[in-house]
Amino acid sequence: MKKILPLASVLVPGGCGDSCCGKPRQGGDNTACPVCGKAGEIVFGNTVRKLLKPGLAAPQDRYLICRTPDCAAVYFHPKGGLFRQEDVTVPVYFKAGAVPVYACYCAGVTKTQVVHAINKTGVTRWAAIIKEITGVVPKCGCEAKNPLGRCCSGNAYAAAMAESSAKPVPVRKSRDPLHGLTLETILTYMLELHGWEGLWRRIPVRCFQYDPGIKSSLVFLRANPWAREKLENWYICEVPKPKKTRG
Ligand SMILES: [Zn+2]
């Protein structure tokens with residue numbers, strides 16, 4: 001049996017798995033970086049504590065991370081406490097001078113490797129790219145390994161796709177990325193990529209954990225729009241988006 005994380009460490013009000021798309025968490029929690037003055041984004045204390053070098057204490061429940069590339073600050077807290085890149089064990093991918101630039105911290109895969117894999121094989125699905133590089137589909141360890149404490153797949157994916165020779169998959173003509181897709185299609189796709197355990201780790205609902213099946217999961221997801229939305233948003237994150245065209 002896998003050790004199951006207490007839910008409280010995964011789900012905290014105002015910060016849910018939906019933030020994997022790279023959008024800042026909503027809410028009035030943002031505060032200015034003491035170095036550059038730009039608003040930071042919330043990162044949970046658990047993530048900060050796992051990524052700081054030994055001997056550095058980070059007692060708070062939440063911190064803010066500065067996203068400004070050329071700002072020296074990484075984590076900070078409004079009540080004091082400032083950590084810079086040299087205090088953090090992994091290079092923060094969006095900071096200037098990060099070497100290497102990680103695309104996936106969970107799998108230890110760099111953006112250069114991702115671009116190379118896309119160019120070499122033409123695969124464009126995130127899990128398939130990582131599998132091509134490492135031989136396995138990574139277990140999600142974003143909370144502990146990604147400096148943002150959230151899913152790596154949004155990290156450098158768009159950037160790597162843009163740098164690669166991959167033609168974006170023309171998923172939908174419609175602006176709605178889910179247009180024409182049934183819930184069953186989405187569930188089946190995500191199940192193929194992540195397995196039931198992966199689904200449950202991301203969306204901790206009973207139907208993914210106990211005796212899981214497509215049919216029972218569809219029933220649950222249709223009855224629980226919040227869970228359905230999480231799955232759909234996750235799907236949108238992982239499916240290559242068509243490049244914008246004029247007209
Ligand atoms: Zn800053």
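Computed from heavy atoms alone, side chains included, the values below leave out hydrogens, waters and symmetry copies.
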Check your understanding: Does any non-hydrogen side-chain atom of Arg222 lie less than 4.5 Å from one of Arg228?
Key -> yes
Review point. Quick one: are Ile118 and Val114 in side-chain contact, heavy atoms under 4.5 Å?
Key: yes
**Study point:** Which atom of Leu51 lies closest to which atom of Val90, heavy atoms considered
**Key:** CD2-CG2, 4.0 Å
Check your understanding: Below 4.5 Å, heavy atoms only, C-beta onward: do Lys95 and Cys71 meet side chain to side chain?
Key -> yes
**Study point:** Spatial distance of atom OH (Tyr102) from atom CD (Gln113) [nearest 0.5 Å]
**Key:** 8.5 Å
Practice item. For residues Tyr63 and Phe83, report the shortest heavy-atom separation together with the two atoms involved. Key: CE2-CE1, 4.1 Å
Review point. Do Glu229 and Asn233 come close enough that some side-chain heavy atom pair is under 4.5 Å?
Key: yes
Review point. Looking only at heavy atoms, what is the nearest atom pair of Pro78 and Thr31, with distance?
Key: CG-OG1, 3.7 Å
Exercise for review: Evaluate the side-chain proximity of Pro91 to Pro100: yes if any heavy-atom separation is below 4.5 Å, no if none is.
Suggested key: yes
Study note, to complete from the structure: Closest non-hydrogen atoms of Arg49 and Gln60, given as atom of the first, atom of the second and distance, are NH1-O, 2.9 Å
**Study point:** Between CD on residue Glu132 and OG1 on residue Thr134, distance to nearest 0.5 Å
**Key:** 9.5 Å
Study note, to complete from the structure: Of all heavy-atom pairs linking Ile133 and Ala117, the shortest is CG1-CB, 3.7 Å
Practice item. Treating Ile, Leu, Val, Met, Phe, Trp and Tyr as nodes and any side-chain heavy-atom pair under 4.5 angstrom as an edge, say whether Phe208 and Trp226 lie in one connected cluster. Key: yes
Point to revise | Note: Lys111-Glu163 ion pair, threshold 4.0 Å (strictly below) | key: yes
Review point. Can Arg206 be said to sit on top of Phe220's aromatic six-ring, NZ or CZ under 6.0 Å from centre and within 45° of the ring axis?
Key: no
Check your understanding: Yes or no on ring pair (Phe, Tyr, Trp, His ring centres under 6.0 Å) for Tyr235 and Tyr189, after CA distance, side-chain angles and deciding distance?
Key -> CA-CA 8 Å; Tyr235 174 87; Tyr189 180 91; 5.2 Å; yes
Practice item. Apply the side-chain contact (heavy atoms from CB on, under 4.5 Å) test between Tyr75 and each candidate in Leu64, Leu82, Val88; give the one that qualifies. Key: Val88
**Study point:** Neighbour count >12 (heavy atoms, 6.0 Å) for atom NZ, Lys79
**Key:** no
Point to revise | Audit row: Arg202, Lys230, side-chain contact (heavy atoms from CB on, under 4.5 Å) steps and yes/no | key: CA-CA 9 Å; Arg202 183 65 167 255; Lys230 279 198 165 202; over 6 Å; no
**Study point:** Gap between atom CG of Leu56 and atom CD of Glu86 - 0.5 Å precision
**Key:** 10.0 Å
Review point. Does a side chain donor of either Thr185 or Thr182 reach within less than 3.5 Å of an acceptor in the other side chain?
Key: yes
Practice item. Mind listing the closest non-hydrogen atom pair of Cys66 and Phe94 along with its distance? Key: O-CE1, 3.3 Å
Review point. Is any side-chain heavy atom of Ile186 closer than 4.5 Å to a side-chain heavy atom of Glu232?
Key: yes
Check your understanding: Any side-chain heavy atom of Ile214 sitting closer than 4.5 Å to one from Leu191?
Key -> yes
**Study point:** Separation of Leu148 CG from Ile42 CD1 (nearest 0.5 Å)
**Key:** 12.5 Å
**Study point:** Same cluster (ILVMFWY, side-chain, under 4.5 Å), Val219 and Ile203
**Key:** no
Review point. Are any non-hydrogen side-chain atoms of Val74 and Asp87 less than 4.5 angstrom apart?
Key: no
Check your understanding: Should we count CG of Asn224 as having more than 12 external heavy atoms under 6.0 Å?
Key -> yes
Revision key, fill the gap. Distance col, row Leu231:CG vs Leu183:CG, nearest 0.5 angstrom, shows 6.5 Å
Practice item. Could you tell me the separation between the NZ atom of Lys38 and the OG1 atom of Thr68, rounded to the nearest 0.5 Å? Key: 4.5 Å
**Study point:** Hydrophobic cluster membership, Tyr105 vs Val115, 4.5 Å side-chain cutoff
**Key:** no
**Study point:** Short side-chain to backbone donor-acceptor contact, Ser217 and Gly213, under 3.5 Å
**Key:** yes
